[in-house]
Each structure stands twice: as structure tokens, then as C-alpha cells.
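In what follows, chains are A, B, ... by sequence order, proteins preceding strands, each numbered from 1. Side-chain atoms are counted along with the backbone in the values below, which use heavy atoms only and exclude waters and symmetry mates. None of the values given here were measured: they were computed from a predicted structure.
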Amino acid sequence: MRAIFMIALREYAENAKTKGFWIGLFLFPVIIFASIAVQRLLEDSTPTRHFVLVDQSGAYGAEIREDIDRAYRSSVLMALNGYALEHAVNPPQAKEIDLEETPPIDMAEMQQSIESHMGPEMGAMLDEEGIESMLELMSAPFDGLVEDRPEFEMPRPAFLEVPLPKELNEDASVEELSEQLRPYLRGEKTVIVDGEEVSLFACVLLPRDIQDFVQRPGLLADLKRAKALQDKVDAGPDAKPVRRGGQYWGSNLADSDLKNRIQRSINKTLQRRELETRGLDVAAVAAVNDTTLRLSALDPKKEEGKEEVSTADQIRQWAPVGFVYLLWIGIFTISQMLLNNTVEEKSNRIIEVLLSSVTAGELMMGKLAGIAGIGLTMIGVWMGSLVGILGLSAGPEAEFPTMLLEVLTGSGLIFWFVLYFCLGYLLYAGIFLAIGSLCNTIKDAQNLMGPVMLIMMVPIITMMFIPKDPNGTLATILSWIPLYTPFTMMNRAAADPPMFDKIGTLVLLVVFTLFTLVMVGRVFRAGILRTGQPPKIRELLSWMKP
Amino acid sequence: MTENTLELRNVTKTYGDFTAVDDVSFVVPKGAVYGFLGPNGAGKTTSIRMILEIIKPTSGEISILNGRSALEVRDRIGYLPEEKGLYKKMRAWSIIAYFATLKGMSRKDAKHRAFELLERYGLKDFANAKTEALSKGMGQKVQVLASIAHDPEFVILDEPFSGLDPVNQEVMEDVIRDLSERGHTVLFSTHVMSHAERICDQIVLLAGGKKVLDDTVENARHIIPRKLRLESPKSLQFLEQMGDVLRMAPIDEKGDIIVDGQGQPGKLWDVYLSEKAEPIDVIEACLREGIPLERFDYSPPSLHEVFVHLVGDQAKEASFR
């Protein structure tokens with residue numbers, strides 16, 4: 001026992017000194033922290049996008065400009081709100097949100113609801129005057145706000161229209177204009193805004209005949225489309241493509257915020273006009289569009305009265321994916337350490353001195369225990385920092401981390417994580433140790449690692465599918481393969497797998513791990529003093545016989 | 001209770017068809033410095049591994065420190081393996097201390113002892129260096145110190161001199177002498193005979209897995225004929241009549257034997273005497289005959305010559321196999 005402890009202690013101390021260990025230790029908290037911080041940073045640091053709008057048709061320009069302006073005013077309003085909250089004398093307490101009662105968040109639904117509620121009241125607050133008066137209120141001495149607050153800073157507009165460069169003629173054809181604007185969009189030429197040179201982010205060209213390209217549902221539209229297609233075929237592959245309708249030229253098409261906004265604005269205006277020409281009541285149609293009926297998602301596995309699927313459920317369903325990934329990274333990082341230092345001991349023959357002092361069994365147990373200590377330290381720090389960072393960023397203004405934290409600490413996820421980590425580690429570390437005992441160089445080891453790596457990739461591939469059907473056939477089958485039990489069961493942990501699966505796979509995993517360790521012990525004893533090439537499979541099997 | 005530290009009885013180790021160690025028996029008494037000699041591939045390292053029970057013999061018995069198994073008494077044994085290696089990232093003192101703790105020393109004592117040893121053998125300045133920063137010789141010294149840090153009763157050193165410069169070879173000899181003076185038993189293997197000659201009480205010579213010789217150094221020297229080199233202006237042919245003279249041959253200046261008919265017999269002769277003969281008898285015989293001697297060279301045979309005499313052919317064979 002003492003020897004095992006001494007070996008474990010050395011393994012722990014020596015591996016704790018390696019750079020890899022510390023990088024692994026800190027990388028995870030840094031990534032979590034960064035992913036929270038970067039999100040905010042990105043929002044703050046995105047520069048104002050400058051664009052040119054040429055509306056030769058005169059049909060949409062005003063509406064587009066109004067929409068973009070309104071979006072800016074709404075961001076000012078948001079900023080004002082944040083400013084007021086920050087410097088309020090009595091900051092309002094955040095409403096406690098009970099996740100178990102909150103229906104799952106559906107982004108598309110949320111967007112629609114916000115758009116439709118931009119009714120007259122909000123509109124009034126959002127017009128120039130409303131903003132002006134708010135600004136005045138904020139800068140004047142005001143009872144509700146603390147005295148020594150900094151001055152309010154107007155947020156930067158996300159999008160800013162700039163006039164067409166002087167040498168360009170607004171009335172030129174769209175083809176000509178786009179040709180001339182290309183260098184600006186490519187960054188070869190710049191436009192001057194407030195005396196500063198800026199590059200153009202996008203230009204929007206709405207030609208005179210844009211109304212001819214309005215697409216309507218129905219047979220006529222289909223015929224038109226077919227005709228256009230036929231024309232294109234007739235023109236042959238070398239003909240210059242003829243663009244019809246409005247054009248959006250962007251220097252970065254991956255950033256589609258502006259395009260989407262303009263598209264929405266055009267469609268909204270178009271649809272409103274269609275309603276008007278057909279003599280329909282616009283307000284009535286809007287009201288009708290807003291009339292909805294909610295369909296609740298219910299879970300039969302939950303107790304009566306609480307079947308409704310909540311946000312908490314959603315977090316519980318997806319959080320395990322993160323844990324599976326951590327499990328995978330954790331297990332293979334430290335198993336790799338074990339492999340490396342076993343090969344080191346073997347290749348420089350320290351093993352002989354060790355084996356003159358301790359038995360092969362003690363050496364193996366000591367190594368397993370020492371590296372397990374490293375692994376537990378690592379996941380301890382990971383879990384601690386996860387809870388810590390979430391705890392720090394939780395608060396009245398950050399509901400999501402608060403929720404996440406509650407769900408994580410409230411459910412058994414962390415318990416299962418630690419359990420599956422330990423078992424998965426013993427299983428894989430055992431296999432790596434056996435490989436290490438057979439190889440004299442890291443290169444030999446890598447050859448043998450190939451198949452193991454393939455086997456190891458499966459949980460990473462299935463990781464994202466399993467939450468969709470956590471108790472389905474694939475998940476169930478994988479759960480019963482001991483090599484995959486830790487990952488798959490971790491993946492399913494939130495979905496309340498049947499008790500039979502939970503206990504059964506655990507028992508199987510424990511038995512299989514013990515069996516593997518006994519086999520590994522035999523291979524280790526025989527292989528550890530061997531020099532030269534790794535053995536043949538048949539030889540390996542003969543070692544495994546008691 | 002026997003006074004023997006180590007006893008091997010008919011120990012054999014086979015790997016498939018190959019017999020690495022063949023029916024070897026010998027006894028190392030307590031407090032002895034035992035040389036374990038033999039050409040490459042003679043089975044020295046295999047024997048040592050069996051003694052330490054790192055591998056098990058195919059047949060035969062080994063008793064060490066009155067125990068059946070090295071595992072029972074391993075805390076009282078120190079071992080330096082043939083191929084030297086250390087953990088690259090560990091510091092010199094901590095590697096010595098680590099091996100000492102594996103042998104049962106407390107961590108505190110082990111640390112203290114490590115620094116003490118490093119200081120005594122001139123490595124004080126490198127105590128905190130990582131072993132990858134040490135030269136090969138220094139690394140080897142560290143490893144030797146690691147093997148004796150727990151002050152073992154019985155130290156087994158496999159090729160302790162290989163890779164060391166002459167100065168450090170002497171330091172190594174001192175280490176062995178120190179151990180011996182304090183009553184510890186040392187068994188070391190080498191194929192450099194001069195070390196064995198200087199520090200061993202007794203030697204075991206293996207060749208091809210078999211024991212060829214097991215005797216004191218002094219006795220070992222007497223198993224090969226003694227050689228005299230004489231120079232005289234007159235013929236020394238009469239010496240062939242003496243009982244102790246085995247044979248004699250005329251040689252040239254370079255020491256090569258002159259074959260009949262190829263040049264004149266010169267003035268130089270090599271004379272081989274039997275093991276028990278006294279060289280002084282030859283001088284007396286010359287004086288009796290009134291033959292003047294211009295040169296009389298005699299040095300007792302070295303262990304090196306004994307080695308070459310006993311296993312030279314086998315060693316050559318082994319190296320070309």
C-alpha cells in the first residue's frame with residue numbers, strides 16, 4: 001500500500017508540474033469566461049456599418065430609412081434604460097424567474113412577438129421627440145438617479161447611410177452604378193463621412209422598374225418564372241446574367257443583419273400597399289396576424305400537473321452535451337499522460353529500478369491512482385470554475401447563467417459526471433497503460449493508438465444526436481457497450497433513462513472495467529520488461545491467460 | 001542462519017529454444033565484493049534480473065538475504081540496472097529521494113540522505129538540476145546514488161563502470177569500496193577486468209550462460225601458465241629440460257614468434273611456466289649454467305589474460321553470431 005501511495009504521489013507531483021496540465025486546467029474556465037465576455041464585447045465593438053442607398057423607383061427608400069432610424073432610436077432607448085438601471089438610487093429587484101414554469105424559449109416566436117408589439121405606444125416613445133425628452137430627463141438632476149453619475153453616452157448606430165460618392169450619377173443604370181461601386185465595396189476606394197475616410201459596407205440599388213419584379217403567388221407567377229428560366233437557357237451559358245429587381249451588394253455577406261433588415265422593410269411596405277390596393281383594413285389584418293393559439297409541449301414522464309416542458313427541461317436536456325465533451329476531453333487528456341510516462345519509464349529502463357523496488361501490480365495501481373488524482377483535480381477545477389463563473393455572472397441582469405447554475409446544481413448531473421469520469425477513466429487509462437507497457441517509443445504507441453482513437457471518436461459523433469432522442473434505439477444500444485457507457489449515459493442523464501438502463505449499464509461498466517484491469521495487469525506485467533517490437537496479437541492473448 | 005547473502009542453486013533460464021542461463025550455482029558470502037564477469041551475452045543481466053525476481057528462473061533456486069524471494073527483502077537490496085535512465089524532468093535530489101522512499105525510507109529522511117550523498121560524491125551543485133540537464137556520467141552517478149540511498153545490505157550493480165570517464169570510474173570504485181568497508185555485500189557485473197582485479201574479493205565468470213570460473217582473484221590468476229620474457233646472447237634451449245617449463249619459443253623484437261626456417265633465432269625468448277612454478281627457479285638455473293641474462297620480464301597474469309584464455313573464443317563467436 002505504501003509503495004502504491006509513493007508512486008501515486010510522484011505521478012501526481014510530476015504531472016502537476018507539466019505545462020499540459022496547467023493549460024488544460026485553465027483553458028476551460030478561460031473558454032467559458034471568454035464565451036460570456038466575448039459576446040458582450042462583440043456587441044460593443046462591432047463598428048458602424050456604412051451603406052449607400054439608391055432608390056430610383058422611389059417606392060421604398062423612405063420606409064427603409066425610417067425603419068433603420070427607428071432601430072437606432074430603439075437601441076438608444078435600450079441604452080437609456082440600462083443607464084437608468086445602473087445609476088438608479090433604488091435599483092429595481094429582478095423578478096425571480098422560475099425556470100420550471102417558464103415555457104421553452106423559441107427564438108422565431110420571440111422575434112415575431114416583439115415586431116408585432118411595436119404598436120403605437122412604443123412608436124410614440126421611439127420618435128425623435130420621445131428620445132429627446134428622455135435624454136433631457138437623464139442629464140438633468142433627477143431624484144431617481146444618483147448624483148455623481150457619468151454622462152449618458154449615445155450608443156453608436158449599427159448602420160449609417162452615406163451619400164453616393166460625388167463622381168457617381170444617381171440616375172445611371174443599375175449595371176453602371178454597381179460597376180462603379182465595386183471598388184468602394186472591395187475597399188479600394190473610401191467615402192468621406194464627417195471628414196473621416198470609411199470603407200463602404202454595402203450598397204442597396206433599387207432600380208426604376210423594381211415594381212415589375214414583385215413576386216406574387218399563383219399560376220401567372222409560375223409562368224413568369226418558367227419563362228425567365230427558359231430565357232436563361234436560350235441565352236446560353238456564356239451570356240451575361242441579367243439581374244432583376246433590387247440588389248444588395250455587400251462587402252461581407254456573412255454579416256446579413258443589414259440585408260435582412262432592408263428585406264423585411266421592403267416586404268412590410270409592399271404587403272401594406274397590397275392590402276391597401278385590395279381595399280383591406282391594414283390594422284385589422286395586423287390584428288388578425290397577431291391572433292395566436294399556443295400549443296403546449298407536454299412530457300408524459302413528469303408528474304401530474306407539471307407535465308409542461310419548461311426552459312429548465314431544455315437546459316437539462318442540452319447541458320449534458322457539454323458534460324459529455326468535458327468527460328471526453330478529461331479522460332483522454334489524462335490517459336494520454338499515463339501512456340506517455342509509461343513509455344518514458346520503459347524506454348529509458350527506469351522500469352527495472354522500479355520493479356526491483358515494487359511489484360508490477362503496485363506500479364500499475366500507483367500510476368492509475370496518481371493520474372486519477374490529476375484528473376480529479378482537473379475536473380474539480382473545471383466544475384468549480386463553471387459554477388464560480390456562472391455564479392459571478394448570475395444576477396438580476398443575467399438570467400441565463402442564473403438558470404443554468406440552478407439547473408446544474410439542482411439536478412444530479414454533476415454526481416453522474418464525477419461517477420462516469422472515474423469509471424471511464426479507469427477503463428480507458430487501463431487500455432492506454434497496457435499499450436504503454438507494450439511500446440518502447442511513442443511512435444510504436446501511436447501505431448497501436450490508431451484503432452483506439454477510432455473507437456473513441458464515436459461518442460463525439462453521436463454526442464449531438466442523442467439529446468434529440470435520448471431514449472431511442474441508438475442511444476440505448478450505445479449505452480450497453482461498456483466503452484461508450486460513460487459518454488452515452490452522461491448524454492442521456494437528463495432525459496430520465498429507465499432505471500433498468502441506468503443501473504444495468506453501470507453494473508456492466510463496473511464489471512467490464514474490473515475485468516479489463518485484471519487483463520491489463522497481466523499484459524502490463526509481461527510487457528513492461530519486454531524490449532523490441534510490440535508483440536503479435538496471439539502472443540498478447542497468451543499473456544492474458546492466468 | 002547462514003552467513004551467505006546470496007545463493008544460486010542450479011539456476012536455469014530459457015527463452016523458447018534459447019538457454020540464456022544454464023545451470024548456474026554460486027554463493028556470495030556476507031560482506032564480499034563479488035565480480036560478475038563474462039563476455040557480452042553471457043547471461044549476466046538475465047542472472048541479475050532473476051536474483052531480483054524481476055523475472056522468474058525456469059528452474060533452480062535462489063536464496064537472497066536468507067529469504068526465498070527478493071520481493072520479501074527488496075528494501076534491503078540496492079540495484080543499478082545495466083541500461084541507465086532517469087526521469088528527465090525530475091531534479092537530481094528528488095529522484096534519489098523518490099527511489100529511497102520506494103525502499104521504505106520516510107520522505108524527510110530520504111530528502112536529507114539525497115543531499116548528503118550528492119555532497120559526498122561531488123554533485124552538490126547539481127542537486128537541484130533537472131536530470132535532463134546532467135551529462136551522461138553525472139546522470140549515471142545520480143542513478144548509482146539512487147540505488148544505494150537507502151543504505152542497502154546488498155547492492156547489485158549491473159555494469160556500473162560503463163560510460164564513465166577514468167576519473168569517475170575511480171569514484172565508482174570508491175563507492176564500492178566504501179560499501180564494502182561498512183560491511184555491505186556488493187555484486188557487480190563488468191567486462192572490464194581491471195576493475196574487477198582491483199576491487200573484487202572473488203569473481204564468477206559466465207560464458208554462454210554457463211559458469212566457467214568461481215574463485216578468488218588470486219587463484220584465478222594461477223589457472224593460466226606464467227610467461228617469462230628472457231633475453232640472452234647465448235642459447236637458452238637448455239631451459240626446455242626443466243620440469244616446470246611447459247614450452248618456449250624464440251621471438252623477434254615485436255614479440256612475434258619466429259617460425260622455424262624464417263629468419264635466425266634471435267636473443268629473445270618467451271618461456272611458459274606451469275601455474276605452480278616459481279620464476280626465480282629459472283634465474284637460478286641460468287646462474288648454474290653460467291649463462292648471462294640481459295633481460296628478465298615477469299608479471300603475474302592479469303585477469304584480462306585469464307578472461308581471454310578462458311572465454312576468448314566464445315566471446316568472438318558470440319560477437320559474430
Side-chain angles (χ1 to χ4, degrees), chain A residues 1-22 337 340-363 365-367 370 437 440-442 524-532 535-536 538-539 542-543, chain B residues 15-16 45-46 48-56 64 69-91 94-107 110 130-132 139 142-144 146-150 152 154-158:
Chain A
M1 265 325 279
R2 194 180 167 278
I4 296 178
F5 176 71
M6 294 314 303
I7 291 168
L9 203 63
R10 193 206 78 90
E11 289 291 335
Y12 186 88
E14 286 309 308
N15 282 295
K17 281 185 205 157
T18 58
K19 286 186 204 81
F21 173 72
W22 288 97
M337 279 185 186
N340 287 348
N341 68 27
T342 306
V343 174
E344 184 196 2
E345 276 166 4
K346 227 197 136 178
S347 68
N348 60 21
R349 314 301 296 165
I350 297 168
I351 206 75
E352 266 188 61
V353 188
L354 290 174
L355 289 183
S356 73
S357 306
V358 300
T359 62
E362 283 171 331
L363 179 62
M365 294 310 289
K367 291 176 82 66
S437 74
N440 283 308
T441 61
I442 287 289
F524 188 81
R525 265 188 284 275
I528 198 73
L529 276 174
R530 190 193 155 92
T531 51
K536 300 269 182 295
R538 191 187 291 169
E539 201 178 342
S542 75
W543 290 350
Chain B
Y15 292 104
T45 298
T46 307
I48 287 175
R49 285 182 181 174
M50 284 191 288
I51 292 169
L52 289 162
E53 217 172 317
I54 294 173
I55 51 177
K56 290 212 177 351
I64 181 166
S69 151
L71 296 178
E72 294 166 19
V73 292
R74 62 185 183 221
D75 288 356
R76 293 153 64 194
I77 305 171
Y79 170 51
L80 174 77
E82 179 183 9
E83 285 171 83
K84 319 295 188 287
L86 294 166
Y87 290 107
K88 291 196 193 79
K89 301 285 176 198
M90 279 178 91
R91 302 187 187 284
S94 81
I95 210 162
I96 295 174
Y98 173 57
F99 284 128
T101 54
L102 285 184
K103 295 286 195 182
M105 273 179 107
S106 76
R107 292 192 348 123
K130 287 192 177 166
T131 62
E132 63 188 345
V142 167
Q143 206 177 355
V144 171
S147 66
I148 61 168
H150 57 297
F154 183 28
V155 183
I156 298 174
L157 308 167
D158 201 353

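Neither the backbone nor the side chain of B:Ile77 comes within less than 4.5 Å of any heavy atom in chain A. When heavy atoms are compared at a cutoff of 4.5 Å, A:Glu352 approaches chain B by way of both its backbone and its side chain. At a 4.5 Å heavy-atom cutoff, A:Ile351 makes no contact with chain B through either its backbone or its side chain. Neither the backbone nor the side chain of A:Thr18 has a heavy atom closer than 4.5 Å to any heavy atom of chain B.
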Hey, mind stepping through B:Glu53 and A:Leu355 against side-chain contact (heavy atoms from CB on, under 4.5 Å) and telling me if it holds? CA-CA 9 Å; B:Glu53 217 172 317; A:Leu355 289 183; over 6 Å; no

Check step by step if side-chain contact (heavy atoms from CB on, under 4.5 Å) holds for A:Glu14 and B:Tyr87. CA-CA 10 Å; A:Glu14 286 309 308; B:Tyr87 290 107; 6.0 Å; no

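Chain A is approached within less than 4.5 Å, heavy atom to heavy atom, by B:Tyr98, B:Phe99, B:Thr101, B:Leu102, B:Lys103 from residues 94-103 of chain B, ordered by number.
At most 12 non-hydrogen atoms from other residues, nucleotides or ligands lie less than 6.0 angstrom from CE of A:Met365. In this structure, A:Phe5 places its CZ atom where only 12 or fewer heavy-atom neighbours from other residues, nucleotides or ligands lie under 6.0 Å away.
Between A:Lys17 atom NZ and B:Lys130 atom NZ the span is 7.5 Å, to the nearest 0.5 Å. To the nearest 0.5 Å, atom CG of residue B:Leu80 and atom OG of residue A:Ser356 are 10.0 Å apart.
Summarising the geometry of B:Gly85 relative to A:Ile350, their closest heavy-atom pair is O-CG1, 3.5 Å, with the distance given to 0.1 Å. Nearest heavy atoms, B:Arg107 versus A:Leu9: NH1-CD2, 3.3 Å.
Side-chain contact between A:Glu344 and B:Lys88: present, with at least one pair of heavy atoms (C-beta onward) separated by less than 4.5 Å. The shortest distance between side-chain heavy atoms of B:Arg74 and A:Thr359 falls below 4.5 Å.
Under the rule for a side chain to side chain donor-acceptor pair (under 3.5 Å), A:Arg525 has no partner lying at least two apart in sequence or in another chain.
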